[in-house]
A.B. asks: 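For reference, the structure I am asking about is given below.
All ligand and atom numbering here is 1-based and tracks the order in the structure.
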Amino acid sequence: MTVSAELIVQQVISDAGPLPAGASLDRIETPAAVVDLPVMAANLVRTAEYCREHGLGYRPHTKTHKSPLIGAAQLRAGATGLTVATLREAEVMAEVTGDLLLAFPQVGAAKLARLIELAGRVERLAVALDSREALDGLIGAVAGWKGSLGVVVELDAGMGRAGVQTPEQAVELARAVTGAKGLRYDGIMFYPGHIREAAGEQDAALKALQERLARFLGALRAAGLAPGMVSGGSTPSLWRTHEIAGLTEIRPGTTVFNDRTTAAIAACRWEECAYSILATVVSTAVPGQAVIDAGSKALAKEELRGTGDGYGALRDRPEVVVKGLSEEHGLLDLTRTTWRPRVGDRVRVIPNHVCVSVNLQERVWGARDDLLLCQWPVAARGRAPAG
Ligand SMILES: Cc1ncc(COP(=O)(O)O)c(C=O)c1O
């Protein structure tokens with residue numbers, strides 16, 4: 001049964017920390033990260049319903065929000081487990097789920113020791129890898145250990161970032177995992193990060209991906225190594241993931257909040273962007289522009305798909321873009337608007353790439369429209385062991 005978006009909002013508010021006395025959107029210090037809770041909850045419910053409709057497991061990537069509070073909301077919406085990219089994210093998300101996929105190879109003694117410590121207290125932890133070296137590290141780390149650690153073989157689906165290149169390599173690694181004591185062969189994963197065009201223009205890329213995945217699945221099945229988990233998915237390809245045969249689950253991250261890039265490729269509507277940076281106009285001295293107190297240390301200096309069209313745009317005036325960024329200064333381009341802000345005015349900026357903006361924040365404020373409701377820490381940022 002689908003949990004209602006309103007119930008998710010209410011639970012986030014009750015899990016989150018109380019507001020400082022007198023806090024309101026007009027008064028809190030800026031820059032401040034603000035999430036519109038009903039918009040976020042609707043994003044979660046929409047994604048969970050899509051997964052249910054297509055028989056796909058929903059394992060959202062928590063690198064976008066880095067908060068166990070939002071992880072818990074995703075689980076309430078129907079997520080079967082959570083994805084993480086760092087050990088700190090894994091340790092923090094273990095507070096809310098016993099089913100974690102660490103979608104990043106763990107290499108080096110320090111990380112491996114931390115991984116095994118975590119695996120000992122999590123019901124089901126799996127880690128991705130694409131090399132014999134990473135596997136040998138894991139085998140060494142679990143030697144003499146009583147538990148069982150899942151391994152997922154990553155394949156390169158076309159992005160050219162990580163992942164084994166051929167079905168033969170996948171078979172070889174999967175076979176080596178099945179033969180290793182203390183390790184469990186959970187399946188395969190890939191990240192289609194190369195698919196960044198609008199949903200209607202993804203036909204060729206999806207077809208190539210589908211064919212490539214079929215070759216890997218065919219080889220693994222023929223070798224008696226049929227994967228239990230076939231994990232894929234991304235936000236740009238989200239609404240067409242069901243067209244890729246053989247997937248058992250997807251790991252969208254950005255879609256929880258969405259951002260200007262996601263809206264630019266029509267993977268969400270502008271109104272579905274839940275996260276913005278509240279900023280104050282601090283200077284209008286230079287003609288044709290206004291300066292806000294949100295620079296690259298609040299918004300992150302991320303290009304909009306190589307277009308050069310700024311680093312973010314105003315939520316309520318999307319024609320006004322952030323044309324330049326210093327560390328603490330954001331420059332609003334006023335040449336495409338008749339709006340003339342005054343020093344002291346407040347604006348909300350949708351960043352180009354929400355995940356890196358969240359990572360720059362200590363806390364996030366939860367709101368409904370212009371009403372501030374709660375706040376929570378971005379608990380999984382940083383690298384240090386949690387707790
Ligand atoms: C391995 C992996 N899985 C899933 C995701 C989620 O992608 P998106 O934010 O496009 O939904 C990412 C994003 O970086 C990723 O690296």
Side-chain angles (χ1 to χ4, degrees), residues 40 43-44 46-48 50-51 56-67 70-71 74 77 79-87 89-90 93 100-106 126-130 134 150-164 186-199 202 205-206 209 213 229-242 244 247-268 272-275 300 302 304-305 350-359 380-381:
M40 179 199 77
N43 291 343
L44 290 188
R46 195 177 316 110
T47 311
Y50 170 84
C51 289
L56 289 164
Y58 170 39
R59 186 189 291 280
H61 204 315
T62 56
K63 51 111 195 182
T64 302
H65 55 74
K66 286 184 178 267
S67 160
I70 306 301
Q74 292 173 314
T80 45
L82 298 175
T83 305
V84 293
T86 68
L87 281 163
E89 288 172 11
M93 295 308 156
L100 285 170
L101 170 59
L102 177 48
F104 199 95
Q106 297 304 301
V127 60
L129 53 75
D130 69 358
V151 175
V152 175
V153 175
E154 179 169 5
L155 59 95
D156 179 6
M159 186 183 181
R161 181 176 73 175
V164 294
D186 279 357
I188 60 173
M189 66 154 270
F190 65 89
Y191 175 56
H194 58 298
I195 304 183
R196 306 203 69 78
E197 47 282 266
Q202 294 175 357
L206 285 172
L209 170 55
L213 181 62
M229 172 196 281
V230 182
S231 181
S234 67
T235 294
S237 66
L238 175 57
W239 310 111
R240 295 191 65 179
T241 322
H242 61 284
I244 305 165
L247 283 189
T248 62
E249 63 166 42
I250 59 173
R251 309 182 310 276
T254 305
T255 185
V256 58
F257 293 153
N258 290 316
D259 55 23
R260 186 164 174 243
T261 302
T262 310
I265 59 166
C268 75
E272 289 163 356
C273 291
Y275 174 98
E302 294 269 317
L304 184 74
R305 305 178 74 226
I350 310 276
N352 286 355
H353 187 176
V354 65
C355 313
V356 274
S357 174
V358 171
N359 190 48
R381 70 202 279 260

A.B. asks: Checking the side chain of T47 only, and the main-chain atoms of N43 only, is there a donor and an acceptor separated by less than 3.5 Å?
C.D. replies: yes

A.B. asks: Pick one: which of Q74, H61, R251 meets side chain to side chain contact (heavy atoms under 4.5 Å, CB included) with L82?
C.D. replies: Q74

A.B. asks: Might you work through the side-chain contact (heavy atoms from CB on, under 4.5 Å) test for V256 and M40, ending with a clear yes or no?
C.D. replies: CA-CA 6 Å; V256 58; M40 179 199 77; 3.9 Å; yes

A.B. asks: List the protein residues in contact with ligand 1, where contact means a heavy-atom separation under 4.0 angstrom.
C.D. replies: H61, K63, R161, M189, Y191, S234, T235, P236, R251, P252, G253, T254

A.B. asks: Who are the side chain to side chain contact (heavy atoms under 4.5 Å, CB included) partners of R161, not counting sequence neighbours?
C.D. replies: M159, Y191

A.B. asks: Excluding sequence neighbours, so at least two apart, what forms ring-ring contact (aromatic ring centres under 6.0 Å, His included) with F190?
C.D. replies: none

A.B. asks: What residues, two or more places apart in sequence or in another chain, satisfy ring-ring contact (aromatic ring centres under 6.0 Å, His included) together with Y50?
C.D. replies: H54, W239, H242

